[in-house]
2 protein chains.
Amino acid sequence: MSPTIKDVAKAANVSIATVSLVLHDNERISPETKRRVLKSIKELNYYPFRSAQGLVSRKTGNIGFIITEEHFLRTEPFYTRVFLGAEFEARENDYYVLLATIKSSFKKSDPLPRFILERNFDGIVITGKVPEAFIKSLLKYKMPIVFIDYVPPFGDFPSVLIDNLRGGVLATEHLINNGYKDIAFIGGEISHPSIMERLQGYKLALERANNNSNGLIVTNDEYLTRQNGYKLAKELFDRRKDITAIFAANNPTAMGVMKYLTDNGKKIPDDVSIMSFDDVEAAMLINPPLTTIRVPKVEMGIEAVQLLMKIQKYNGKNNIAKKIIVPVELVIRESIKNIN
Amino acid sequence: MSPTIKDVAKAANVSIATVSLVLHDNERISPETKRRVLKSIKELNYYPFRSAQGLVSRKTGNIGFIITEEHFLRTEPFYTRVFLGAEFEARENDYYVLLATIKSSFKKSDPLPRFILERNFDGIVITGKVPEAFIKSLLKYKMPIVFIDYVPPFGDFPSVLIDNLRGGVLATEHLINNGYKDIAFIGGEISHPSIMERLQGYKLALERANNNSNGLIVTNDEYLTRQNGYKLAKELFDRRKDITAIFAANNPTAMGVMKYLTDNGKKIPDDVSIMSFDDVEAAMLINPPLTTIRVPKVEMGIEAVQLLMKIQKYNGKNNIAKKIIVPVELVIRESIKNIN
DNA sequence: TTATTTCAGTTAAACGTTTAACTGAAAATA
DNA sequence: TATTTTCAGTTAAACGTTTAACTGAAATAA
């Protein structure tokens, strides 16, 4: 049996209230008593029992981490790294993280993850695009929510977002700087704000460079998979055979494009240069390694939990829907040939 | 404020004890009363408060899921899928899963994950190879443990393991059936039981086929990474330039081998055939897609949690260290050429 | 000096649930 | 009929912690 607060109190010859106060760093306790209590705590290897704490304090000590099953199982460990960051920061704040996946086909009538139904969480982090029906169900619980890499089309929520616009600009400028003029943009899921912003960045950079590379945007609204990248590349080259530079909206898309190119006898980067977005390991390991815009994944998880902690602290008041934009960075590898 | 058991009792006009008994399906309650109570529960959308339950029942409702940080962040979502299976099965049993990563450099003096220190779990699943020092620290807590894809070199623990031996046999036989005689085995981390067993399977299949392909086993004890695969492939071809069939001990290794081959002008599978192990998505997406031994990852997670539940149930008595061996399966793709 | 304030704790109620022990009515048994 | 057993619940204690309200001694103020 684990020691309880009573055992500590007895050992330190104080009341259990004193032990509790020491545990919460209350200034009412003298240094000497505090020392004695802490000594007993250590000697007995005492840790407060969460359930008992939760019962009285009405805090659970849990934060939820929600992600669609599809995202969680993606080949690229993108959101996995985000989770790791969240878990790290939660631990720093004495919280546990409960991870739950939901289907991207979530309907209003579907049951919410158990820890939500049971109200066994103090706040929640939602990562990636999730169904609106899910968010609406969740809102009834009136719990703090932080979104990562996605903002729902309604309401105004605290969120941690990627600087997609700047990423799009950086990516496009790099291609321009390497001597390209006709630059194609390839991307699925165009209704996703992140992809839309990358496209905006692409357009902005072209404008700034007075580059008039029209009609080379090939998109649809299907998932950003390798298969879709392949399909979109085919579409692109069916329309324009002369393209030599492509900005692919994310990593799997870039890989699909590459597969299409090699299948059709084109060499990368000798015949076609490719710029990608996200920077997951696969980008580095493929041949040739992809030049890409890197997104700080672990940091996003950390930021999200920190934001959640702040929202909890100022609960109610000072309740600004704060948005944090994390920076991106250009990582140069071998998928782009300088033709200057 | 969420409704409590009191609210339900009042609504159904019974005592709180009756509500509790209904919740636990006690046969002491008449069907009529039970119906009434369940109706109130539903109407009020009542869920028992975990902390209160935990306080009296001394169960936390959590199970821990431990994995090294290195494994969790691997490019291949191998253990991620295992986790998903565990989470799914835990939910079925009304448990939460607390995921915690530890460093593979864990030392005796390092702190354990918080939920362990706080005893906030009813059992634990350990996935992949973890440091012995960690296991030894954990044992002091005398909690049920189930290992996945690893058994520590000491003690006898319940575990869910891959049928590596059969996998090794299947893989090697497939190469033999495709006309190969001189078959190389490449693998790192040779002290890991799983890899050792795959090697044993390889040897066994060769023996059975009266194939005498000696001196073609190239191993070391470094991690099973792409880099190491590359290195080992170099070592192999430095010694024997004529090898045309390779069995790589896992997926990254196979990819490293492939990279070495293409870097050295060899075509796959025309010049060299490659067999792999694990079957993660990457195996399918690489060019050419890898023929491989598939491991049922999600099922391993499910089995592990089921085993943990059983151990808890028969707590103490009937305490057999049960081992579950999950089957593997051959998945034929395009990395092996039939030369018969 | 006495009265007031500060200090350093202690006391006791409360949180929501489970469950052993109890109860009173109805049914079964003698 | 009187007694015992079964049924269908109820009562009340317990779990480990937090915290508002209290206390008694020492320090300060009047």
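What you see is a predicted model; the values in this text were computed from it and never measured. Reminder, nothing fancy here: chain letters follow the sequence lines and each chain counts from 1.
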Between D:dT18 (P) and A:Phe49 (CZ): distance, integer Å:
13 Å
Ignoring backbone atoms, establish whether A:Arg50 has a side-chain N or O less than 4.0 Å from OP1 or OP2 of D:dT17.
no
Spacing of CG belonging to B:Leu139 relative to CD1 belonging to B:Ile145, to within rounding of 0.5 Å:
5.0 Å
Is the NZ or CZ atom of B:Arg91 positioned over A:Phe115's six-membered ring, under 6.0 angstrom from the centre and within 45° of the axis?
no
Below 4.0 angstrom, N of the basic side chain to O of the carboxylate: do B:Lys10 and B:Asp7 qualify?
no
Evaluate side-chain contact (heavy atoms from CB on, under 4.5 Å) for B:Lys34 paired with B:Asp25, printing each intermediate quantity in order.
CA-CA 9 Å; B:Lys34 185 168 171 176; B:Asp25 245 337; 2.7 Å; yes
Can you tell me how far P of C:dG16 sits from CZ of B:Arg58, to the nearest Å?
19 Å
How many Å lie between CG on A:Leu55 and P on D:dA14, as a whole number?
17 Å
Whole angstrom value for the distance that separates C1' of C:dC15 from CD of B:Gln53
14 Å
Annotated protein contacts, base or backbone, on nucleotides 4-10 of chain C with a non-hydrogen cut-off under 4.0 Å, one of B, S, - each:
----BBB
Length of the OH-P vector between B:Tyr46 and C:dG16, whole Å:
10 Å
Measure from NZ on B:Lys6 to P on C:dT18 and round the result to the nearest Å.
14 Å
Residue pair B:Tyr79 / B:Asp149, side-chain donor-acceptor N/O under 3.5 Å
yes
Approximate separation, where rounding is to 0.5 Å, of B:Tyr95 OH and B:Glu89 CD
12.0 Å
In whole angstrom, what separates A:Lys59's NZ from D:dT17's C1'?
16 Å
Hey, does A:Ser20 reach any base, or is it just sugar-phosphate, or nothing, if we go heavy atoms under 4.0 Å?
base
From CG of B:Asn26 over to P of C:dT17, roughly how many Å is that when rounded to an integer?
17 Å
